[in-house]
Q: 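Take a look at this one; I'll ask things after.
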Amino acid sequence: MDGVDKEKVQRVVYEMSKGSKYFENEERKEALIRQKIEHMRARAAKLSASDLSHYQKVADKRILELDSTRDLSRIWLHVDMDAFYAAVETLSNPSLKGKPMAVGSMSMISTANYEARKFGVRAAMPGFIARKLCPDLIFVPTDFKKYTYYSDLTRKVFWDYDPNFMAASLDEAYLDITKVCEERSITGAEIAEELRSRIHEETGLTCSVGVAPNRLLAKVCSDINKPNGQFVLPNDRMAVITFISSLPIRKIGGIGKVTENILKGVFGISTCEEMLQKGSFLCALFSHSSSDFFLSVGLGLGETDTPEARFRKSISSERTFSATEDAALLYQKLADIAKMLSADMQKEGLSGRTLTLKLKTASFEVRTRAVTLQKYISSSDDILKHASNLLKAELPISLRLIGLRVSHFNEDKGGVPGAPTQKTLTTFFKSGDASRRTGDDQRSLGSDLSDLHFISEKETAISLENNETCHHEFGDPFERKHLSDIDDKNCISSINAYEMEKIDELSSNKTAAMVNTTDVKEWTTKSPKRDLSRVSEDDSSVQREPEDSNPDRLNKEPSTSGNEEFFSLNQMEMLFWVDDYKCSLCGAELPSSFVEERQEHSDFHLAERLQEEESGTGSSSLIPRLRIVPKDCSGSQNRRKKHKSSPKQGMHLPIDSFFTKKSSGQ
Ligand code: TTP
Ligand code: MG
């Protein structure tokens with residue numbers, strides 16, 4: 001966006017979208033961010049000098065510990081294709097060369113070429129706004145087959161440099177080039193040059209590359225000399241520290257708009273180095289894993305190992321389109337998604353028995369509905385059959401997005417990545433904990449996140465016509481591993497004054513958050529009570545139940561140990577993110593930008609619940625319970641009562657819990 005008249009862009013965007021649902025949603029998001037900042041500020045203001053001095057010591061110690069883990073032995077390369085969809089379209093229609101063009105529709109554009117970007121046109125911008133910014137803008141519809149084809153060509157090249165490369169999306173990948181550099185006695189810079197020219201030879205497309213000692217930095221570096229450029233950060237501690245010192249925090253994968261706003265608005269942190277300077281506040285107010293992440297960013301640390309293959313948890317596919325209430329059209333879209341999902345599952349030999357339907361209504365409310373079957377399914381017919389039942393129960397409805405997700409895999413068959421049919425997917429799955437974007441950008445494998453839509457980084461389309469397009473979150477999945485170990489250490493297991501306060505706030509904010517969260521509010525108050533038989537079949541148990549189908553469930557006493565309380569889904573069945581970073585069920589803290597971790601976290605609660613439902617018991621051994629230490633147990637019981645009083649509690653899964661999103665970031 002350099003050289004763009006930002007004020008003009010902002011004015012046009014404001015004028016064009018004012019009054020629309022999109023605009024209202026954006027305003028609501030902004031308001032909630034402001035509220036969150038205020039809340040955080042108030043917490044920070046309560047810290048006394050002695051508290052801060054204590055947390056300064058904590059931070060100093062942690063900084064030393066983290067620094068001692070620095071690994072400068074690996075060379076990572078991040079590659080990102082330039083204006084990918086637009087470049088592919090220009091290859092097939094060279095007359096587009098040099099003209100401003102965007103891929104997408106009047107509803108929304110997926111990307112724009114660099115000529116159009118000069119006007120402020122960017123990905124995930126409604127096309128009609130883009131046209132206002134750039135009246136000569138040419139629109140080209142998306143063609144995912146083409147993008148997948150070219151993506152595969154690039155992956156063949158990546159393979160030659162690192163057979164275990166980690167594909168982050170259709171047009172992005174991480175390669176560990178340590179070995180190839182050693183074997184050929186050449187530098188990372190030389191490999192980068194060579195790889196870029198090979199990609200160009202194979203595809204006719206350009207890409208940009210970053211080379212650095214870890215993945216977090218490599219991704220930052222690939223953006224520095226975009227398009228068609230490269231940047232190499234040497235494996236040298238001082239070079240890294242200098243590089244990171246003035247780097248704006250938003251450049252870091254995992255720090256999105258919300259996190260950026262909070263860090264800036266509350267602590268005045270704009271650069272990575274300031275993370276270290278404000279370490280005492282970060283340690284005082286965030287969970288260990290979050291503060292560790294922030295401090296690591298300040299030190300320029302990132303992942304250096306290739307994640308081991310591990311159990312895949314889910315696979316999903318979603319589609320955004322212009323809002324419609326035409327049931328036939330909605331079923332048609334559902335069928336298309338079922339087909340795509342089934343194809344992905346079959347490619348990987350996956351079958352699963354929990355099917356989740358995600359819907360985004362015309363007013364941007366996000367709902368999820370799930371069904372757990374007795375049989376494992378993978379065929380598009382089976383998926384469609386059950387998905388149709390779920391959808392049917394929601395009709396009539398006006399929707400702008402439908403997604404499907406299958407989880408609860410058959411471990412014998414599909415729980416582990418099998419021998420993939422395509423090389424590229426081997427590594428795709430090797431990422432394990434990555435938020436994945438698939439070969440088809442209409443699909444988002446595996447991940448999702450329960451980022452409430454009001455703070456979501458995701459841009460949403462204003463529907464003006466019937467073109468379909470998609471968007472999803474583009475974080476850096478691989479840099480969020482720091483939060484993937486959602487366990488006791490993410491929760492509050494030993495108490496001190498501040499942690500106590502955090503818990504108090506959690507307790508008191510829970511109700512407030514429910515009121516403030518449109519998704520939750522609408523869901524709990526407006527959604528009509530459903531007849532379960534409409535969505536269940538003989539062979540299935542639906543993941544929602546009548547309010548009192550199991551009256552004991554919500555009344556059950558928590559198991560306690562001393563003053564510790566273990567919350568389970570039996571007591572609080574609805575997960576949402578209090579203040580957008582605390583799990584309403586267990587208090588684990590996960591900022592919204594930690595998409596994958598939130599996904600896992602939701603999965604844990606979901607799996608726990610499923611197991612309870614299946615076993616008919618109130619306890620689950622599947623997942624270690626997350627611990628939270630309430631100040632007084634009666635408060636928590638009150639909360640449970642509140643939950644019970646809501647007619648929908650326990651009947652539905654939380655907002656946006658199952659699908660990836662994508663930011664608008666350019
Ligand atoms: P990006 O790599 O983010 O963008 P880009 O390749 O178009 O441009 P550059 O990397 O040079 O900045 O995304 C890759 C493709 O993903 C993009 O071409 C289109 C698609 N996409 C969307 O569909 N929606 C989005 O919001 C974004 C950002 C990308
Ligand atoms: Mg790109």
Side-chain angles (χ1 to χ4, degrees), residues 33-68 249 255 258-299 301 482-483 486-510 512-513 562-565 577-583 586-594 626-633 635-636:
I33 292 172
R34 281 198 300 275
Q35 194 183 325
K36 198 182 333 245
I37 289 175
E38 284 314 312
H39 176 66
M40 201 58 140
R41 270 197 193 133
R43 291 176 60 194
K46 283 187 195 159
L47 293 170
S48 69
S50 72
D51 301 328
L52 283 172
S53 133
H54 165 74
Y55 280 107
Q56 187 60 57
K57 283 184 201 131
V58 172
D60 291 345
K61 182 167 173 268
R62 197 62 194 134
I63 288 169
L64 283 178
E65 284 167 359
L66 289 168
D67 204 8
S68 71
I249 51 174
I255 300 190
V258 177
T259 310
E260 181 193 32
N261 278 336
I262 289 176
L263 292 177
K264 264 191 193 165
V266 181
F267 311 104
I269 298 174
S270 303
T271 65
C272 296
E273 191 177 39
E274 286 162 356
M275 298 270 201
L276 301 184
Q277 292 161 6
K278 298 288 165 73
S280 54
F281 285 96
L282 299 175
C283 289
L285 297 173
F286 290 95
S287 66
H288 294 304
S289 49
S290 300
S291 56
D292 267 8
F293 171 64
F294 295 139
L295 296 178
S296 299
V297 164
L299 289 165
L301 300 174
H482 58 280
L483 284 181
I486 305 301
D487 56 19
D488 284 355
K489 86 178 191 287
N490 273 348
C491 301
I492 301 160
S493 52
S494 68
I495 225 157
N496 67 28
Y498 293 99
E499 286 166 340
M500 202 60 141
E501 192 182 325
K502 287 180 195 176
I503 295 158
D504 284 346
E505 283 164 357
L506 170 63
S507 313
S508 58
N509 286 332
K510 191 164 286 178
N563 64 349
E564 294 176 358
E565 176 175 345
W577 296 95
V578 179
D579 277 351
D580 191 45
Y581 68 96
K582 276 182 184 167
C583 171
C586 70
E589 296 183 9
L590 281 172
S592 60
S593 52
F594 301 129
L626 298 171
R627 269 192 311 173
I628 185 168
V629 192
K631 194 172 183 178
D632 97 61
C633 287
S636 59

Q: Quick check for you: to the nearest 0.5 Å, what is the distance between R62 atom CZ and C283 atom SG?
A: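 One gets 9.0 Å once the value is rounded to the nearest 0.5 Å.
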
Q: Side chains of M275 and I255: does their closest heavy-atom pair fall under 4.5 Å?
A: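 A side-chain contact exists here, since the closest heavy-atom pair is under 4.5 Å.
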
Q: To the nearest 0.5 Å, what is the distance between OG on S280 and NE2 on H54?
A: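 Answer rounded to 0.5 Å: 11.0 Å.
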
Q: Please report the interatomic distance CG(L285) to CZ(R43), rounded to the nearest 0.5 Å.
A: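 The distance works out to 5.5 Å.
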
Q: Mind checking whether L263 and F294 have side chains closer than 4.5 Å, heavy atoms only?
A: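 In contact.
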
Q: Can you tell if the side chain of F267 reaches within under 4.5 Å of the side chain of E274, non-hydrogen atoms only?
A: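 They are not in side-chain contact.
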
Q: Does the pair E260/K264 count as a salt bridge with the N-to-O cut at 4.0 Å?
A: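 Looking at E260 and K264, the cut-off is met.
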
Q: CG of L295 to CG of D60: how many Å apart, nearest 0.5 Å?
A: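 The CG atom of D60 is 9.5 Å from CG of L295, to the nearest 0.5 Å.
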
Q: Kindly give the heavy-atom pair with the smallest separation between N261 and I37, and that separation in Å.
A: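 What the structure gives for the nearest pair is O-CD1, 3.5 Å.
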
Q: Could you check whether any side-chain heavy atom of Q56 comes within less than 4.5 Å of a side-chain heavy atom of L52, counting everything from C-beta outward?
A: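 Q56 vs L52: side chains apart.
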
Q: Report yes if some heavy atom in the side chain of K61 is under 4.5 Å from a heavy atom in the side chain of E65; otherwise report no.
A: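 K61 reaches E65 side chain to side chain.
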
Q: Would you name the heavy atoms of S291 and L282 that are closest together and state the gap between them?
A: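 Smallest heavy-atom distance, with atoms named: CB-O, 3.6 Å.
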
Q: Just wondering, do T259 and I249 contact through their side chains at under 4.5 Å, heavy atoms?
A: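 The answer is no; the side chains never approach within 4.5 Å.
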
Q: What's the spacing between I63 CD1 and L299 CG if we round to 0.5 Å?
A: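 One gets 6.0 Å once the value is rounded to the nearest 0.5 Å.
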
Q: Using modelled atom types only, decide if a donor and an acceptor are shared between the side chain of R41 and the backbone of G265 within a distance under 3.5 Å.
A: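 Yes; at least one donor-acceptor contact below 3.5 Å.
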
